[in-house]
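Following: one structure in structure tokens, then a few remarks.
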Amino acid sequence: MFATVPTPIPARMKGLNRAEICDVNFQEFVRGWDGRADAAPADDEAILDGSALDARSFRELFESQLISRHLDLMARVLRVQNKVFYTIGSSGHEGNAMVARLTRHTDPAFLHYRSGGFMAERFRKLPGMDPVMDSALSFAASKDDPASGGRHKVWGSKPLWVLPQTSTIASHLPKAFGTAVAIEQARRSGHALPVPGDSIVVCSFGDASSNHATAQTAFNAAAWTAYQKLPAPVLFVCEDNGIGISVRTPDGWVARNFRHRPDLDYFYADGLDLASGYGDVQRAVEHCRRTRRPTFLHLRTTRIMGHAGTDFEIEWRSIEELCAVEAGDPLLRSAAIALESGAMSKEEILALYEATRAKCFAAAEDADRRPRLSSLEEVMAPLAPYTPDTVAAEATRADYAQRRVDVFGGDARLPERAGPKHLAIQINAALHDLFAKYPEALLFGEDVAQKGGVYTVTKGLQKAFGPRRVFNTLLDETIILGLAQGYANMGFLPLPEIQYLAYFHNACDQIRGEAASLQFFSNGQYRNPMVMRIASLGYQRGFGGHFHNDNSITALRDIPGLVVGCPSRGDDAATMLRTLVALAKVDGRVCAFLEPIALYMAKDLHEPGDGGWLTTYPAPHEAMPLGEERVYHPEATDLVVFTFGNGVPMSLRAARAIEAAHGWKVRVVDLRWLAPLNEAAIALHAGECERILVVDEGRRSAGVGEGIITAIAEAGYRGRPFRRVVGADTFTPLAGAAFLVIPSDEQIVAAADALAEESQAR
Ligand SMILES: Cc1ncc(C[n+]2csc(CCOP(=O)(O)OP(=O)(O)O)c2C)c(N)n1
Ligand SMILES: [Mg+2]
């Protein structure tokens, strides 16, 4: 079957450059082959007796394998010449081409980085596409790279429904699962899908990756779904090469771990042998498509040429072991099949091998001559698209008047007629409105359906719009955000809810590494628009402790491209939500909407019963432009307070006391948008006022306050007297002690006192 390892191992095979050795091995294997050849099979005949693979398919698969191999060999040669910038290869995994052949180009694919064979084969599905040149452009980080526009070496293609992945292992499994669920949900709800309704989702990863928490939660969620007899047609392909970088996967572990999982249907295929593996891959694919059940295809592979070009395996693996692995090279097996079956002669194989090599090198040289990204503007162009006029038009579009009348139960019951209300009520009304406006909108999370969320903010939505649009998920934030990406991929408008800010952090990578990066790494070709609602921040009196009062916004602020809004009052929440949804719809943006829990029910501002924090619901044609601040007392110039969230009512109360104490008129600026920060507005107000106070309920280190102060300093107002009132760098304790670590009204007044003392001292 495979080549045998000669003993003693000849000097040539002990060389440092394993790529070169594998290259020579292949040629020597073909030249030295002395087996018996059958009469050449007809195109539609089995390649070998009993094989499910016909001769024509074999020849094409073999060619796809060779393309993948020569891209690897090329990358290793040209990396040292700085013509190619990536050397994690697909060698040993080329059998994944079978998965591509047996699926459709419209089956969305989320791929392992060793997918050269899969891609070369999927390219065949559409005429006029060139796997070699397209891949070479990506290896070369060329601006013409059709996958990422030169931003990364990714396996990706818009026409071939391959959504580019980052290299964080396992992070793509939740969204692959989400996409599968979305396909089925669309089928049942009549939502127009961008792919055929019987599509399945292909998701590949390595054996070591299968242990990752993010992978495990996807398997669990898929099984949890199937257990309830709900469809989740995702084909998980575990490409088991027995190793992760240098750590061996225990022998038999993948089979042991997955073979008997309830509601995750296990199939095994030999990815090293096209003739015998093909039928098994076919069974797995057909099973997934027909039953719509999550399917686990355990594909045997091997790893040839180390983890990446930088991995000199020879330094840490014995030569005997390396040679044994190389003797199991699936390309040797494919060559043997070609020869044994009589499908190809030695000369034909070697000619194809060399022609493919030449093609890969020529493409790489061509790619190297193409332009690369050469300015920051070019690099960032697809990261955070923003078309303000279209967004404003979309946010204020109010052509659903009758639907909203129906939803709210009559003209007289429209929320704008209901008089002043608190934040939770206005968010609830805004969500009802958005659901009336966008039939593709979905809301899901923990406890959001019948209960309406911990704070009843989503109460009534499920009743009004049904369980297909408003539903509870299983308890896992990673999956909630994976689902959101999947729904977005299939054209829905997801509004996932994260129950508390503290619980965003354990799923943060789904936004940081995945959702927010998709437009960037696909050069704007793919987008997963969403508005993630998160109950956030401190000052809760009813429900204490850190995890319900987390005030860390930092983890959101530094995610490139993410829009973060934080309203402090009900009317702003409604107009902000409309803009966030419009940003998602129009520009594909990923947005976070931080709802200050402590203000959900706040009604009063200065005195009990004054109703100072109630607002009237804004009519549906009103929206808040991205970045726009709300200014209280714009005429005031003695002191400006920059703040957001809970800091706004606190600062307004403090402003009264400050005026009483010092006679200052105080301007309070509610920034409302925390990312991107409106630095121009900050500079403007800072420039117009004599003193500056920053009230930031987040943490001292890396909080929003640092951004505000930087904007002020960079605008040239370094010399203005300023103070900062900010949360401590600590976790939030339970009960009354919580109020020791976050700003208070008194601290704001005290900071103004300090500013007054400073003025006198001058
Ligand atoms: C979350 C995460 N942790 C660590 C890494 C670094 N890393 C890259 S590949 C890899 C090993 C993956 O092994 P396996 O899943 O078996 O895939 P293989 O490379 O063997 O095909 C590791 C640890 C990563 N990319 N992402
Ligand atoms: Mg592995």
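Numbering of ligands and ligand atoms starts at 1, following listing order.
In summary, the atoms of ligand 1 found under 4.0 Å from a heavy atom of A208, numbered by their order in the structure, are 13 (O), 14 (P), 15 (O), 16 (O). Each of the atoms 18 (P), 20 (O), 21 (O) of ligand 1 lies under 4.0 Å from some heavy atom of N241. Short contacts between ligand 1 and G206, defined as distances under 4.0 Å to a heavy atom of the residue, involve ligand atoms 14 (P), 15 (O), 16 (O), 17 (O). Residue G244 approaches ligand 1 through these ligand atoms, each under 4.0 Å from one of its heavy atoms: 11 (C), 13 (O), 16 (O). Using a 4.0 Å cut-off to heavy atoms of Y113, the atoms of ligand 1 that qualify are 9 (S), 10 (C), 11 (C), 12 (C), 13 (O), 17 (O), 18 (P), 19 (O). Of all atoms in ligand 1, listed by their number and element, those nearer than 4.0 Å to a heavy atom of H212 are 1 (C). When each atom of ligand 1 is checked for a heavy atom of T168 under 4.0 Å away, the hits are 1 (C), 26 (N).
At a 4.0 Å heavy-atom cut-off, ligand 1 touches H307 through the side chain alone. Contacts with ligand 1 closer than 4.0 Å are made by backbone heavy atoms (N, CA, C, O) of I243 only, the side chain lying farther away. Residue-level proximity to ligand 1 for E239 is absent, since no heavy atom of it falls below 4.0 angstrom. The backbone and the side chain of S209 each have at least one atom closer than 4.0 Å to an atom of ligand 1 (non-hydrogen atoms only).
The six-membered or imidazole ring of F731 lies near that of H546, with a centre-to-centre distance under 6.0 Å. Taking the six-membered ring for Trp and the full ring otherwise, F258 and H298 have centroids separated by 6.0 Å or more. Taking the six-membered ring for Trp and the full ring otherwise, the centers of Y353 and F29 sit at least 6.0 Å from each other.
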Can you check salt bridge (charged side-chain N to carboxylate O under 4.0 Å, His left out) on R300 and D280, steps first, answer last? CA-CA 11 Å; R300 180 184 175 212; D280 293 327; over 6 Å; no
Stepwise salt bridge (charged side-chain N to carboxylate O under 4.0 Å, His left out) test for D550 and R699: CA-CA 10 Å; D550 188 2; R699 305 218 182 108; 3.1 Å; yes
Between E121 and R124, is the salt bridge (charged side-chain N to carboxylate O under 4.0 Å, His left out) condition met? List the steps. CA-CA 5 Å; E121 188 61 31; R124 295 180 190 283; 3.1 Å; yes
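Between E60 and R101 a salt bridge is recorded (basic side-chain N to carboxylate O distance below 4.0 Å). A salt bridge is defined here as a Lys NZ or Arg NE, NH1 or NH2 lying under 4.0 Å from an Asp or Glu carboxylate O, and R512 with D509 fails to meet this definition. We find that D23 and R76 are not joined by a salt bridge, their nearest charged nitrogen and carboxylate oxygen being 4.0 Å or further apart. Between E239 and R114, no side-chain nitrogen of the basic residue sits less than 4.0 Å from a carboxylate oxygen of the acidic one, so the salt-bridge criterion is not met.
Of all protein heavy atoms, the one lying nearest to atom 25 (N) of ligand 1 is S167 O, 2.8 Å. Ranking the protein heavy atoms by distance from atom 11 (C) of ligand 1 puts I245 CG1, 3.7 Å first. Shortest contact from atom 5 (C) of ligand 1 to any protein heavy atom: I169 CG1, 4.2 Å.
Between the Mg ion (ligand 2) and G242 there is no N/O/S contact shorter than 2.8 Å. In summary, no N, O or S atom of S209 is located under 2.8 Å from the Mg ion (ligand 2).
Relative orientation of the H93 and H112 rings is tilted, given thresholds of 30° and 60° on the angle between their planes.
For D207, the N, O or S atom with the smallest separation from the Mg ion (ligand 2) is OD1.
Counted by atom type alone, T166 and E514 present one or more donor-acceptor pairs between their side chains at under 3.5 Å.
Residue contacts with ligand 1: D207 is placed with a nitrogen or oxygen under 3.5 Å of a nitrogen or oxygen of the ligand (distance criterion only).
Heavy atoms of R114 come nearer than 4.0 angstrom to ligand 1 in at least one pair.
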